[in-house]
Amino acid sequence: MLSQRFKTFKYAFDGIVDLIKTQPNARVHAVFTILVVGAGIYFEVSTTEWCLLILAIGFVFSAEAFNTSVEYLTDLVSPDIHPLAGKTKDAAAGAVLLAAICSAIVGTIIFLPKFLALL
C-alpha cells in the first residue's frame, strides 16, 4: 500500500515537470515566483505575508495545471476545430488570467509599500 502512495506522488511530480517543460506560461510563472521569493527575502516579509504569497503562487500554478489538463483533454476528445472546444479552452485560460491578476494584486499590496519606503 505504501508503494502505491509513492507511485501517486511520482505521477503528480511527473505532471508538474510536464507542466514546466511544455507550457511557456508556466515558465513565466516560475520566473515571477523566483522574483517574488527573492523580493520576499530582501524585504523580510512577515509570516502572514509569506503565507499569502505562497497561496497566491500555488493558486496560479494550480490554475495553470488545470488549464493544461483541460487543453490536453479537449485536444483528445475534439481533435478537429469545434466552437465548444474553443470556448472550453478559453474559459480555462480565463481562469488562469483571473488567478494571475488576483495574485498580482496580492503582491502589489504586500510589496508596493516596501518599494515606496526605499525611495
Side-chain angles (χ1 to χ4, degrees):
M1 181 162 153
L2 192 56
S3 67
Q4 283 298 98
R5 291 295 110 216
F6 284 122
K7 282 183 184 179
T8 61
F9 279 105
K10 182 198 176 308
Y11 298 143
F13 283 113
D14 288 347
I16 294 168
V17 169
D18 178 73
L19 181 71
I20 299 297
K21 281 185 176 180
T22 65
Q23 303 303 308
N25 287 342
R27 291 192 292 275
V28 170
H29 298 314
V31 168
F32 276 100
T33 296
I34 292 166
L35 293 174
V36 166
V37 169
I41 292 168
Y42 178 80
F43 287 114
E44 298 178 352
V45 297
S46 70
T47 301
T48 302
E49 291 168 329
W50 273 121
C51 290
L52 292 170
L53 292 171
I54 290 166
L55 284 172
I57 291 165
F59 183 41
V60 172
F61 274 105
S62 295
E64 189 66 52
F66 284 123
N67 178 52
T68 299
S69 66
V70 166
E71 288 182 358
Y72 284 160
L73 188 57
T74 301
D75 290 344
L76 175 67
V77 299
S78 182
D80 297 326
I81 295 175
H82 189 282
L84 288 177
K87 285 184 176 191
T88 300
K89 289 182 172 188
D90 291 349
V96 178
L97 181 59
L98 288 171
I101 290 169
C102 291
S103 295
I105 292 169
V106 169
T108 301
I109 291 168
I110 291 171
F111 289 116
L112 185 60
K114 296 173 187 319
F115 281 119
L116 292 177
L118 287 178
L119 305 177

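Source: prediction; values computed, not measured. Along the sequence shown, residues are numbered consecutively beginning with 1.
At a threshold of 4.5 Å between side-chain heavy atoms, the hydrophobic network of Ile, Leu, Val, Met, Phe, Trp and Tyr places L35 and I54 in two separate groups. Residues V37 and V106 share a hydrophobic cluster, clusters being chains of Ile/Leu/Val/Met/Phe/Trp/Tyr side chains in contact below 4.5 Å. No continuous path of ILVMFWY side-chain contacts below 4.5 Å connects F59 to L55, so the two sit in separate hydrophobic clusters.
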Just list the side-chain donor-acceptor pairs under 3.5 Å for residues 22-30, sequence neighbours left out, or say none.
unit_1: T22; atom_1: OG1; unit_2: D18; atom_2: O; d: 2.7
unit_1: T22; atom_1: OG1; unit_2: Y72; atom_2: OH; d: 3.2
unit_1: R27; atom_1: NH1; unit_2: I20; atom_2: O; d: 2.9
unit_1: R27; atom_1: NH1; unit_2: K21; atom_2: O; d: 2.8
unit_1: H29; atom_1: NE2; unit_2: E64; atom_2: OE1; d: 3.1

Please tabulate, for the side chains in residues 2-17, all donor-acceptor contacts under 3.5 angstrom to protein atoms that are two or more places apart in sequence or on a different chain.
unit_1: T8; atom_1: OG1; unit_2: R5; atom_2: O; d: 2.6
unit_1: K10; atom_1: NZ; unit_2: D14; atom_2: OD2; d: 2.7

Let me have the donor-acceptor pairs involving side chains of residues 79-102, under 3.5 Å, with sequence neighbours excluded, atom names and distances please.
unit_1: H82; atom_1: ND1; unit_2: L84; atom_2: N; d: 3.0
unit_1: T88; atom_1: OG1; unit_2: L84; atom_2: O; d: 2.8
unit_1: K89; atom_1: NZ; unit_2: D75; atom_2: OD1; d: 2.5

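Counting heavy atoms from C-beta outward, V36 and T33 have side chains that stay 4.5 Å or more apart. Side-chain contact check for V45 versus F111: some heavy-atom pair is nearer than 4.5 Å.
Partners of F115 under the ring pair (Phe, Tyr, Trp, His ring centres under 6.0 Å) rule, at least two apart in sequence or in another chain, are F43. Checked against side-chain contact (heavy atoms from CB on, under 4.5 Å), S46 has the following partners two or more places apart in sequence or in another chain: T48, E49.
Pairs engaging residues 88-107 under the ring-ring contact (aromatic ring centres under 6.0 Å, His included) rule: none recorded [sequence neighbours left out].
Separation of atoms CG (L53) and CD1 (I110) is listed at 4.0 Å; rounding is to 0.5 Å.
In this structure, F61 and L19 approach most closely via the heavy-atom pair O-CD2, 4.2 Å.
Using a distance-only test at 3.5 Å, with no hydrogens or angles considered, a donor-acceptor pair links the side chain of S69 to the main chain of F66.
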